[in-house]
Structure formats: structure tokens, C-alpha cells
Visitor: 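Okay, handing you the structure first.
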There are 2 protein chains.
Amino acid sequence: MTRTHPSRVAASGPAPTGPDVRPLRADARRNYDLLITAADAAFTEFGADASLDDIARRANVGIGTLYRHFPTRDALLAAVLDEGTAAIVARATELLDAPSPSLGLARWLEALGGHVTMYRGLTEALAASYATKDEPLCRGCDAIAAAGAALVRRAQAAGELRADVDPRDVIMAVHAAAWVGEQTKDPDAPARLLAAMLVGFRDDSGAPAAKSRPRRARGRT
Amino acid sequence: MTRTHPSRVAASGPAPTGPDVRPLRADARRNYDLLITAADAAFTEFGADASLDDIARRANVGIGTLYRHFPTRDALLAAVLDEGTAAIVARATELLDAPSPSLGLARWLEALGGHVTMYRGLTEALAASYATKDEPLCRGCDAIAAAGAALVRRAQAAGELRADVDPRDVIMAVHAAAWVGEQTKDPDAPARLLAAMLVGFRDDSGAPAAKSRPRRARGRT
DNA sequence: ACCTGAACACCGTTCAAGT
DNA sequence: ACCTGAACACCGTTCAAGT
């Protein structure tokens, strides 16, 4: 039983409508679609770290075929998210016409929060790829970042947001709040924390200089 | 090469100084200590998801012995963190005497941020256990939560923090900022986000009602 | 009472063989 | 050109056999 995510756009059938639609052989195209559908179902049921073997099995496709189409998990995830990414970007341009800049921004951040929590564990994958560019998953990052930046700058121009706030911080705030939502049982915690950050981005009162010192540990490869 | 974490207390030798120190056979005790030492090294080098096999190998101990002493990864993690947890709690009682309540709180949150980033990936493990109680890793959670709550209430009593702020939200804010620090390359991002949240917790101006709707996905078991 | 390590289950990834 | 699935490497966990 897969419940539907609030931010899911009416699944208009799997469609590789990316900018790079080179022609595929008929069977390859069919397998691509089967994989997208199976992946969406598996990610929905098990989270962003669902078994790739299982996805291939659901799609009635050899595991090698999955790897041929999507050399990495992130590539598959990116493909599945394509529609949602496009929807978020479109929503941003809509909201640029909202009467209140800050409210328009808030609405968009709400939509973005829904998008990055489409699958359990997705926030983490997205945030990580957002940091280390050139990852396949970050294919839509620039578009989303640009869309968000436009809304942020509009709110800043209207004096409804501090001028020195980095638009990327605002987007990161949504990810952080979404992450909290995955960790805690309190369904309102993400909203409270995001609201607090937005107040902090708006008000000019000097915050106490609380620094957190993240550790730069060596990766395990 | 393992770098030293800023918040690491001078490693005064591995010591199971927990409240439940039932006597162990000499060899068992020795293995316990070897495992703690090896685990700390492995977690430092590879993060909180270091290979348990590798830890047992480093300790010159069978993998079964590791599981006998620490039935779960979280149990091992909790044991390794014991010293740090005690230090954080002690620091809180110290800071209850700080001249400025809000500054004392800020200093403590700084220390807490260091603690939860002792190993890469630790923030996530801690935050998750913080939500779902009774986990072994959350052995020190109550103590830390209580210590933080005292500092929060002191700041609230002094009017330096909004009265309706949940102390757990403040602690969660530190975790969220620490998580951001693990995702991004920008070393100042966690400090900026935490500062913003603290301003939001202090100021009374109604924030735009930006809600993020977390998804309650079914676990994979 | 405690230790050991083989055995099992599982997953990701590659690649030689097929069509 | 694309598909398949066996093969490999790796990891977590258990448990029968040992001391």
C-alpha cells in the first residue's frame, strides 16, 4: 500500500521528458519507463535507499539493464524526480506574481519542503548533492536554486527579508527543517524550526554569537 | 591519520564508568576496553557507520565478542560517547552560573554542537534516537535534555528567550545546524542557521506561516 | 562465562555471454 | 545496441563449537 505524497503531481505517466531525449530502441525505451515506474513505487515504499535489485525485479528487468540506464542510484533518483523538479521551478515563476513577496516566498518554501520529502531519506540525498556539485542528482539543483533566489531577492527588494541573507541559506533551511521532520515524531517541529529561521533571516537584531564547529572528517570512499 | 575533534575531552583511557559497572572477568574487561578504543578510532576515521567487522579486527577480537558486549551499533556508539555526554552535562551546570543567561545558553549549544559532530554521521544517529526513545543510544538523552532545559528556562526567566519555546526545539536546532554542517562545504553555514533559529526563538514577531509537511513513510524494517 | 570464526543472508556492482 | 544474470566483494548477524 503506497500512500500518495501531498506534493506529488498527478503522475502523468513516466516520461523521460528531459532536455536530452536521444531516441531509444523500442525495448530500451520500454525498460526505461518500467524502471522509472518501479523505482517510484520502491522509493515510496522503502525510501530513497530502496534496494536496486528489488527495483529491477519489480520492473521485470535484469539488474544490468538498470545500471545501463542509470549508472548510479542518484541518476535513477534524479530521473524519477524530474517531474517534481519542473513543477517546483514552475511554481516559483508563478509566485513571483504573488501580491506579498514574503508570503510568496513562504508558499514556495512550503512546496519545496514537500518536494524534498517525497521519499524518506530524499532530503539527505538532495542536500548532499547540493553541496558537492556535478553530481547527477543535482541536475535540477541550479534551476531550483535560481528559482528560489529570484523569490528571495524579490522579498529582499521589498524590505521583507534582510539584504545580506544568502538565498542558498534559505533553501538549506528548508532542507534542515525537512530533515528534522524525518527524525522527530512531532509533526509540527519542522514548521516551528523553519519559521524560526525565517524570522532570523528577516530580523536584524544581532543574534548571540553561537557558533557550531562542524568537523571535516575524511571520507571512507 | 586521525585528527582530533575540538570537543574531544582529553582521552583519559577507556573506562566503562557507567552507572552499571557489574564486575567483568579480566579478559572480558580487557576486550571491552580494546573494543572501545578500536571503535573510537574507527568512528573517527570512517564515521559513525564504520564497519563493525573492522572494529573487531582492530581490537584483535572475534566479531562475536563485539556483539556480546554491544548487541547493537548504537550500544557501542553510546558507550564510546559516554565521556563526552558526561562532559556536556557538567558544562551545563557550570554555565548555569554564567553572568548572561542567553550567552551561557549559547556557549552550551556551541559545546553541544561539537559533541554531536564528534564523528561524521553521528548527528543523524543521535537525532533519530532522540525521537524514538528507549533506544540504547539515547541513554544520555534525558540527561542532556534536562541540562539544556535548565539553561533554556533560565534564559526564558530572564526574558532573553520567548517563554513558549520548547527546550527540545532548541536542542533540535543544534542537531539541524550540525546536520547542515555535514552536508555543505560552507563551514559557516551551520553557525548562520543556528543563529537565525536563535533569533527566531527570541523575537516575538509573527513569522509568515510557512509550513513544511513531513511525510510519514512506512519503514522498511 | 566468555570467546571464536564459520555460516548465512543480503546488497551493490561488474562483465562475459547472449539476442 | 541492448539485455541478462552469474560472479564477485562486502557487510551485518547468528550460533555451534570451543576454553
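Bear in mind the structure is a predicted one, so any value in this text is a computation, not a measurement. Quick note on labels: first sequence line is chain A, next is B, and so on, each numbered from 1.
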Visitor: Could you check how far CG of B/Leu34 sits from C1' of C/dT4, rounded to whole Å?
Guide: 15 Å
Visitor: Could you provide the dot-bracket string of DNA chain D, using ( ) for intrastrand pairs, [ ] for crossing pairs and | for bases paired to another strand, with Watson-Crick or G-U pairs below 3.5 Å?
Guide: ||.|||||...|||||.||
Visitor: Atom CZ of B/Arg57 to atom P of C/dC3: distance rounded to whole Å?
Guide: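 Computing the B/Arg57:CZ to C/dC3:P distance gives 19 Å.
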Visitor: Which nucleotides of nucleotides 13-19 of chain C have their base under 4.0 Å from a protein heavy atom (B), which only their sugar-phosphate (S), and which neither (-), written as one string 5' to 3'?
Guide: BBB----
Visitor: I want to check one thing: is the phosphate of C/dG12, taken as OP1 and OP2, less than 4.0 Å away from some side-chain N or O of A/Ser51?
Guide: yes
Visitor: What's the closest nucleotide to the side chain of B/Asn31 if the choices are C/dC11, D/dC3, C/dC3?
Guide: C/dC3
Visitor: In whole angstrom, give the distance that lies between atom CZ of B/Arg58 and atom P of D/dC11.
Guide: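 Computing the B/Arg58:CZ to D/dC11:P distance gives 12 Å.
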Visitor: Side chains of residues 143-153 of chain A: which donor-acceptor partners sit under 3.5 Å, not counting sequence neighbours?
Guide:
none

Visitor: I need the full list of salt bridge (charged side-chain N to carboxylate O under 4.0 Å, His left out) pairs touching residues 59-73 of chain B, with sequence neighbours left out, sorted by first then second residue.
Guide: none
Visitor: Can you tell me how far C1' of D/dT4 sits from CZ of A/Arg30, to the nearest Å?
Guide: 16 Å
Visitor: Hey, would you say the B/Phe46 and B/Tyr119 ring centroids sit under 6.0 Å apart?
Guide: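 Not under 6.0 Å, so no.
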Visitor: Starting at CG of B/Asn60 and ending at P of C/dG5, how long is that distance when rounded to a whole Å?
Guide: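 Taking CG of B/Asn60 and P of C/dG5, I get 10 Å after rounding.
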Visitor: Please give, in whole Å, the distance from D/dC3 C1' to A/Phe70 CZ?
Guide: 15 Å
Visitor: Please assess B/Glu124 against B/Glu182 for the test side-chain contact (heavy atoms from CB on, under 4.5 Å), listing each intermediate value before the final yes or no.
Guide: CA-CA 10 Å; B/Glu124 181 132 32; B/Glu182 286 190 354; 5.7 Å; no
Visitor: So, are B/Glu45 and B/Arg58 salt-bridged, with charged N and O less than 4.0 Å apart?
Guide: yes
Visitor: Please determine if A/Asp186 and B/Arg168 form a salt bridge, counting it only when a charged side-chain N lies under 4.0 Å from a carboxylate O.
Guide: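 No salt bridge links A/Asp186 with B/Arg168.
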Visitor: Considering just the side-chain nitrogens and oxygens of B/His69, establish if one lies under 4.0 Å of OP1 or OP2 belonging to C/dC2.
Guide: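 Answer no for this pair, as no side-chain N or O of B/His69 is under 4.0 Å from OP1 or OP2.
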Visitor: Quick one: side-chain contact (heavy atoms from CB on, under 4.5 Å) partners of B/Arg57, sequence neighbours excluded?
Guide: B/Asp53, B/Asp54
Visitor: Between C1' on D/dC2 and OH on A/Tyr32, what's the gap in Å once rounded to a whole number?
Guide: 16 Å
Visitor: Can you tell me how far apart CG (A/Leu35) and CG (A/Leu66) are? Round to the nearest 0.5 Å.
Guide: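 Nearest 0.5 Å value for the CG-CG distance: 5.0 Å.
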Visitor: Output the rounded distance in Å from CZ (A/Arg29) to P (D/dC2).
Guide: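 Atom CZ in A/Arg29 sits about 13 Å away from atom P in D/dC2.
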Visitor: Applying salt bridge (Lys or Arg N to Asp or Glu O under 4.0 Å), can you list everything that pairs with B/Asp169, at least two apart in sequence or on another chain?
Guide: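 Counting only residues at least two positions away or on another chain, B/Asp169 forms a salt bridge (Lys or Arg N to Asp or Glu O under 4.0 Å) with A/Arg192.
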